[in-house]
Amino acid sequence: MVDPGLYMTVAAVLFFIGALGMLVRRNALVMFMCIELMLNAVNLTLISAGRAMNDLNGQVAVFFILVVAAAEVVVGLAIIVAIFRRRSTASVDELNEMRG
Amino acid sequence: MQTPDVNWLAIAPDLALALAAAIILLVEVQWKPRARILGLIAAGSLVVASGLAVVQWLAAADAVAAGNVSVLSAFSGMVLMDGYAIFGRFALLVVTAMGIASGWQFFSDLGRRCAEGLALVLLATTGFSIMVSSNNLIMLFLGLEVGSIALYVLAGLTREDKKADEAAIKYFLMGSFASAIFVYGVALIYAGTRQLTILGIGDFLGSFIVGSPGVILIGIGLVIVGLGFKVSAAPFHTWAPDVYQGAPAGIVGYLAGVAKIAGFAAMARILLTAVDDFDWSFLPVISGIAVVSMLLGSVMALVQSDVRRMLAYSGVAHAGFILTGIAGSSSDGILFYLAVYAVQLVGAFAVVAAVSGPSGSSSDIGLYRGLSRRSPVLAGSLTVLLLGMAGLPLTSGFVAKFGVFSDAWFNGHEWLVVVAVLASVIAFAFYLRIVVIMYMEDDDAAPIAVPGLVRWVLGIAVLATLIWGILPGSLLNIVADALPL
Amino acid sequence: MLTALILAPAVAAIVVALIPSRRAELHLPLGIALSMVPLGLAGYLFWIFEPMPGYQHATDAVWYEPWGIGWTLGVDGISLPMVVLTALLVPIALGASTSISKRIKEFVVFILLLEAGMIGAFLALDMFLFFVFFEAILIPMYFIIGIWGGERRIYASIKFFIYTALGSALMLAAIIGLAFNYSSQFGVTSFALADLMQVTLDQGTERWFFAAFALAFAIKVPLFPLHTWLPDAHVEAPTAGSVLLAAVLLKLGTYGLLRFNLALFPEASVDAVPIMGTIAVIGIIYGAVVAIVQPDLKKLVAYSSVSHLGFIVLGTFALTSGGLQGAVIQNFNHGVTTGALFLLVGMLYDRRHTKAIADFGGLQKVMPVFAGFFLFMTFASIGLPGLNGFVGEFLILIGSYATVPVLAIIASFGVVLAAIYLLWAYERVFTGEPDKEENKVLVDLSPREIGLLTPLAILVLVVGLYPAVLLDKIGPSTEAVLDHIESSTDFEVPYPGRLDDVFTAGGDS
Amino acid sequence: MVESFVFVLMAIAAIAGAVTVVVARNPVYSAIGLLGTLFSVAVLYVLQLAHFVAAVQIIVYAGAVLTLFLFVIMLIGVDKDETRTENLPFQRKAVIALGSVIILLAAALALFTDFQWVPGASEALIPDSTNGTIEAIAEPLFTSWVLAFEATALLLTISAAGAIALAHYRKRDI
Amino acid sequence: MIDFIWLIIALPLLSAVLLHFLGRYLGEPLSGWLATVAIGASFVFALVAALPFFEGGAEASTVPLWEWMPAVGASFEIQWDPLSAMMALVVTGVGTLIHVFAISYMHGDERFARFFTYLNLFVASMLTLVLAGNYAMLFLGWELVGLCSYLLIGFWFTRPSAAAAAKKAFVVNRIGDFGFMIALMLVFTSFGTLSFAGVFERAPEVLTTGTATAIGLLMLVGAAGKSAQIPLYVWLPDAMEGPTPVSALIHAATMVTAGVYVIARSAAIFELAPAASMTVATVGAITAIWAATIALAQRDIKRVLAYSTVSQLGYMFLAVGSTAYVAGLFHLMTHAFFKALLFLGAGAVIHAMNGEQDMHKMGGLLKRMPVTGITMGIATLAIAGIPPMAGFWSKDEILGAAFERGGWFSVLFVVGLVTALLTSFYMSRQWVLVFLGEPRWSEGVDPHKAPRLMGVPLIALAVLSVLGGLVNTPFRYTLEHFLEPVFEGISVQHPPEGIGMFLIVAGLSVVAGLVGAAAALVTYRQPASSWRRFEEGLQPLWGTWEDAYRVDDFYGRTLVAPGKRVAEVMAFDVDLAFIDGAVNGIAGFFLGLGQRLRPLQTGYVRNYAALLFAGAVVVVAWLLAGGGL
């Protein structure tokens, strides 16, 4: 069998990529996808760790995180749509009125 | 087959709020009543919830007195009903009530969306209330998300101003990012301990020596970052100025207050209960964040020309001061500080909202010129509140600062205290700047009418600031009992 | 008794605040009338005060028990004169504020709050309580300067506030540190001065704490080179503000050094004698030299305060009977004379709306009574024997020679400089023919103004000629301070006249 | 052996999908990449016996969430590709620096310390204990986790109310 | 009697207080008379109180009044012994006469009553000084007379020169006081008390020579300030800006002799410090001749007298420095008589000349003002040391003492002798210029006879100038015996024994006096053009003298101007620019830091995310590093 640590390493890489994606992409939707990537990494970590320790709670936790992710998506997309309809852009780089 | 371990009392206040939110939404759909009715429902639920919180408090006190603390843990250890949680919840309720009252103008102007607005506020409070009382980190995360998502929406909930869009999206993206980081930290702590409950982690770390704690340390770090974001500690604070400035004036005080209370209550509980065996490793980091927050917040606040941004940076500085309390390992000091600061913050934003006016989105410092003439009530209240935030003696802010500073010193962080007192001096400068403009410069602009509810909010905030400052025992004695399990 | 003394002005402030703003004519008279209550109480306190060491009329109520903070008050010979002075000057300062037209109500309220804070600070025997008062005073003073001040009032008020707060911030840290050491040595937390005095500190810690306290008080005094907030604050403050600032607020610094630094850190205090003495003496000379060329009367008096307060600090760290007694009585005296000088400058300003020396000349001819008072106070300030200033300076100089002879000698040169800057200013303002048209029409003091100045003038004379009034009450307390230092360090307080001291003293020349 | 093979394959697929999300200039491609990752991760779940969660992953994520994403992408237009020019101050340098630091840190952890992902891992895995069937998950979900389960209701209410509130606003506003 | 000795001070003080508050109602001349009566009563009282001393054998007594500053041994106590009695009598006696004169002199001044207030206050202060029982109280009087001097010099405050002179007097005196103050510090530190009784009794056992010398020299600094000795004499000539009675009372007869009094009083200390004494004598002698040369060339009638006073004070210092205390005090007394007379006479002349003070514009006044002329003539003879005038006896005694002392003092003796010659010359010059020769008055000046009231004190003082010397002649040392108890146990230098030595010294001094007087008479009896030529002939020396060696100028350039410059640099460059600049700089630093940091908050979400992520990396790395991993 594969060492759970390897799964978690993959998860860490996913998290890392997701985080970097947050930094380099300017489309709000894609940024949001990156967050989903990160959450997936978290889920993978939880499941792998739970398995390594013979604990089912990891999987239960994943269930909740999935729900959270879904709810976040709904609201997030609503916000993005709302902004798009006013500004006709989804690029966060154009949202920098407030600074300093 | 197990049965759920139900303890209605433990969730009764949260339930009351959630129910009220649901009722508000349903009533709106069915009857489309006037905003006032919805407001009364919300107010009623807050009163009921507060009453239930008091009942909880008494029950918890009895249980502690009887030595039967196990009943304080409910739903299979999912949530706790300890004094710490109840106090935090009560603070949230008070801030919510004050927030709604001071932002009532905003809510009633929402028109048909008033119901959603109120429901979101109540739900956010419920979420944060869960957050401060939860024992399970996933539950805590759920509460955090419930609260945060509601706040993202609230931040964008205005039709007048493009700034609100920007605030909402910034808050949302950054908040989600931070949440993901936080929950990854939770996952890593789980990987290190096989525990998801705070008490469980604490027991585990207290009884076993982890040979290779790296994963736990990373987890702690990420949790600190995630919650550091919520409480806007530097360098995770960047959202705060923009959101405070862009979000509707009527809601910012609430938004800022509850996020700080819940974030810090959770952070203190995790750090001081769950992973306190690692305090040798994270306290220096906490001190570092505290120093950066205090200095950066104070210095940046000096140069702001928008009062809301200034208050945001001052919030960053306050986050640093509260972190000093964590360095002092004193949960009661933190709770006191949170209660005091949140009340001041809501009060201050009530003034900001009143000065900016129902439609105005600007809170430029110039608007405050000669405020002492245009509205002595607003100017006087804001002065007291600002002085309270500055931590001048005879205000609650001083007692709060004194408490966390002395705890930090007693815990061996002398230099942190020295930096903290110096930073608070820098902070004086920008609080005074507003006072200067209000009192020492004259302007002939029209007087500002202050709604009755706002007067009440200000009265309470000012009285609380003064009473807790002059007779700190009135609150400190309570806080002293509000210990985490 | 002492609680009443603190609460009386606070209650008075509330009463005044409750009078509606539209009855503007009532506020000031009411404030003056109400400020007579603390004055009466202070007078009574002075009357019943027994000349003996230790604190009297002590009150000790728990404030918040777990922190060990208390409403601990007490009065001794060191604080008594300051309490009396404060209570006396407030009605006078209010009486001198008739020219204030805007927001008179708030003004009176702030002055009364200030009084409560100042009296509280002098009576507090709990470090927490003291700090509360010490810092709380800033607020009303800040408003007084900021709202009713001159052109650059905002700059001055913020500078005053931040500068002072900066010093006290570190003191707060040191107070916490002291309490920590107490609790780790005695197992309970306490902020009471009497308790904290029992803490044993290692040398390094004690020095750090001493420095933190000293910094706070040095800024307040202010000692060179931390003095630059003072001229600005004085120049901009309204008359009443200047009076109270110079007469009382600054004394919190010297009082603090004497009361807290010496008591809490005897070892470090003894070690710091050369340093503090040198700083004080630099201040004496520097303040005087700078005062000579100031173009603004208020600034001149402000710098003279820097110089005079240097004497007090020198006397404090002389650690002799004379020095300490001189420091305490000079606290009082400087309050009276400089307070009166600021009153006078304020009266001039009310008439002429300028404080620049160059704008005046020949005033003695048009305002002889005013000139008389001014000259009288000037000479009191210069330290003319027979007037109060001399008593303090003489005690300090003679007293400090025994421990710091060279510094005492340099310091006495400050007396020469005082004559130069004050008399030169007097010459420029009052003598000659009044050549400017505006000056020819100035009216002399009104009976009200004379009434304000007369009590101060009487005090100047009484203390100058019969200082026993105060010294009898001060003496036992200052001796107690010296006893404390002697018992907790190797330091021996020099008592000149004992034969074994003679030879060392003789060698110094 | 099979597990290892599938693991490697799916791990590569997941990472490739993730990279696609980040580097694709068109959001549609990003969405497709995300789909790949989600699917691969679901397989990884299955490999670890988390059957229920894997199913939810496919249904909720791939089914609902991604659809929503694509819907919004379509709504706001796919005509504009992102340029690669970085116009933010410091951003590119910061990303490179951060990336390198993290890689170095990870390398250091892996090479110079006895870093363990699961320090408390059991010597012997008990497959049944983590066999995430519906029943196995359901039991804790409705007993010890019941409160959390109920709390998700709040989340859903908020999403609904929030979405309505935000959308409502457009109707009157525009 | 002795219990009420404080009345001597209290009477004039009370009068001063009364005049201060009621003077305006009393008006002129009643307030003047009140003041005079107060002083007179004081004089009578002092005389009565002093009677026991005349009879001999009476103990000196110390009368404690009340505590002042016990911590430094200061209290109010009165020392009543022959020395203080003598001083009190001189002060009140001469004071009374001058008061009488002033009633007339100040006639018509709008601040008439105020003038007498100050004058009374001065007398009270001076009495405090001489009756003080300890150094602190002495210092009180010492400073108070300085105050009165300030007030009275600046009495006509609308004249800028008067105001400036007043300030100068006070400040220069303060410089002297600086020394005196340090002396007091030393005294207290050494003895633990400041009372005369305590100090003098224990001086020999307590003081080392070093300390005693230090104290002595420091007291000399103080005395030099008050008694206008080199280098602090510069204020006295300027002090002539005050009304003439002030010059007579304060700047000739009484206050300026305080320095002499202090040194005499502190004889017990100087006893232990011969070097200090010698310095005193030397300073005195140099001052004497220095001021005499300046006096030679002055044109202002009061300035001549002022420099003459400085010179005569030098004599007194020479005396007390030679430990001839009695001689010094004797000269102090006689000088009070004749110098007061000279000043009053000059005052009368000025009064008559409508304020003219330039002697070149006088001349021939003897006919117009015979009383003034004759009395001033007597005084001139007295100061010139022509027997049997008072000045002769006292000056002779000083010279004799110096001569007898020998050694270095012989040099001082010669200096003294030369000074006597010069004194005689310039005084005679003055008298001749004013009273003889042809009138050189300005137009419109019509000198009139002095009012009768002015005449009375002139005549009284003239009598004293003639007879005053008889209290201490080689034939009968009355004063010496009178003062003996004061200097008990102290080696006092006496004039040479035996009539032979007396005749030698006296002869020399008389010859000097006569030569000087004759020279002046011969030179200045001639028409103005001729003596002008004489003065021209002595250029540039004469000009230097006339400009008083330009000492004021020198001080101005070396002390005042640089001092002011230093003050300006301190105030504006150091204080404002540097120190305050640093303070504002720190504040500005934080503001600037804030401004500098503002761009960090770029407004771009992705920047924020980067910062947050970077923070996370730092936190994690720190934790791992802290965890030892």
Side-chain angles (χ1 to χ4, degrees), chain B residues 166 169-174 176-178 181-182 184-185 188 210 212-226 228-229 233-242 278 280-286 288-289 292 295-296 298-304 309 312-313 425-426 429-430, chain E residues 69 71-72 563-629:
Chain B
E166 192 179 327
I169 190 81
K170 280 180 175 171
Y171 194 18
F172 170 70
L173 284 175
M174 292 298 292
S176 306
F177 189 41
I181 290 176
F182 170 78
Y184 191 48
L188 292 181
V210 181
S212 167
V215 68
I216 302 178
L217 291 175
I218 299 176
I220 294 171
L222 296 180
V223 165
I224 291 175
V225 172
F229 171 87
F236 321 116
H237 66 283
T238 41
W239 60 278
D242 294 1
F278 283 105
W280 48 269
S281 74
F282 69 73
L283 281 188
V285 179
I286 288 289
I289 297 175
V292 174
L295 293 179
L296 188 78
S298 302
V299 170
M300 290 293 282
L302 281 178
V303 294
Q304 297 304 320
R309 286 187 86 79
Y313 281 112
V425 174
I426 303 176
F430 55 79
Chain E
M69 293 172 276
V72 293
K564 201 169 165 215
R565 182 82 199 108
V566 165
E568 276 165 359
V569 168
M570 287 289 210
F572 303 115
D573 297 337
V574 176
D575 201 62
L576 267 187
F578 183 69
I579 297 180
D580 204 30
V583 172
N584 289 330
I586 290 170
F589 166 76
F590 282 108
L591 278 175
L593 188 67
Q595 293 292 2
R596 193 75 53 85
L597 288 174
R598 274 185 91 160
L600 269 187
Q601 184 87 2
T602 52
Y604 292 109
V605 177
R606 294 189 296 125
N607 279 157
Y608 296 177
L611 189 61
L612 182 122
F613 197 50
V617 171
V618 171
V619 166
V620 168
W622 191 351
L623 269 169
L624 288 173
L629 292 165

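Everything numeric in this text was worked out from a predicted model, so none of it was measured. Quick note on labels: first sequence line is chain A, next is B, and so on, each numbered from 1. When reading the values below, keep in mind they use all heavy atoms of this one structure, side chains included, and skip hydrogens, waters and symmetry mates.
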Taken to the nearest 0.5 Å, the spacing of E:L623 CG from B:I216 CD1 works out to 12.0 Å

>> Side chains of E:V619 and B:F236, heavy atoms from C-beta outward: is any pair under 4.5 Å?
In response: yes

Problem - Check: B:V303 and E:L591 side chains under 4.5 Å, non-hydrogen atoms - result: yes

When the 4.5 angstrom heavy-atom criterion is applied to B:V225 and chain E, the contacting part is side chain

Applying a strict 4.5 Å limit to non-hydrogen atoms, the region of B:I286 in contact with chain E is neither

Applying a strict 4.5 Å limit to non-hydrogen atoms, the region of B:Y313 in contact with chain E is side chain

Shortest non-hydrogen pair, B:P235 vs E:G615, comes out as CG-CA, 3.9 Å

Honestly, the part of B:I426 sitting under 4.5 Å from a heavy atom of chain E is side chain

Between the CD1 atom in B:I181 and the CG atom in E:L612, the distance rounded to the nearest 0.5 Å is 5.0 Å

Applying a strict 4.5 Å limit to non-hydrogen atoms, the region of B:F282 in contact with chain E is both

So CZ of E:F590 and CE of B:M300: to nearest 0.5 Å the spacing works out to 14.5 Å

Rounding to 0.5 Å, atoms CD (E:Q601) and CD (B:Q304) come to a distance of 8.0 Å

So, the part of B:L173 with a heavy atom under 4.5 Å from chain E: the answer is side chain

Ordered numerically, the heavy-atom neighbours of chain B under 4.5 Å found in residues 569-586 of chain E are none

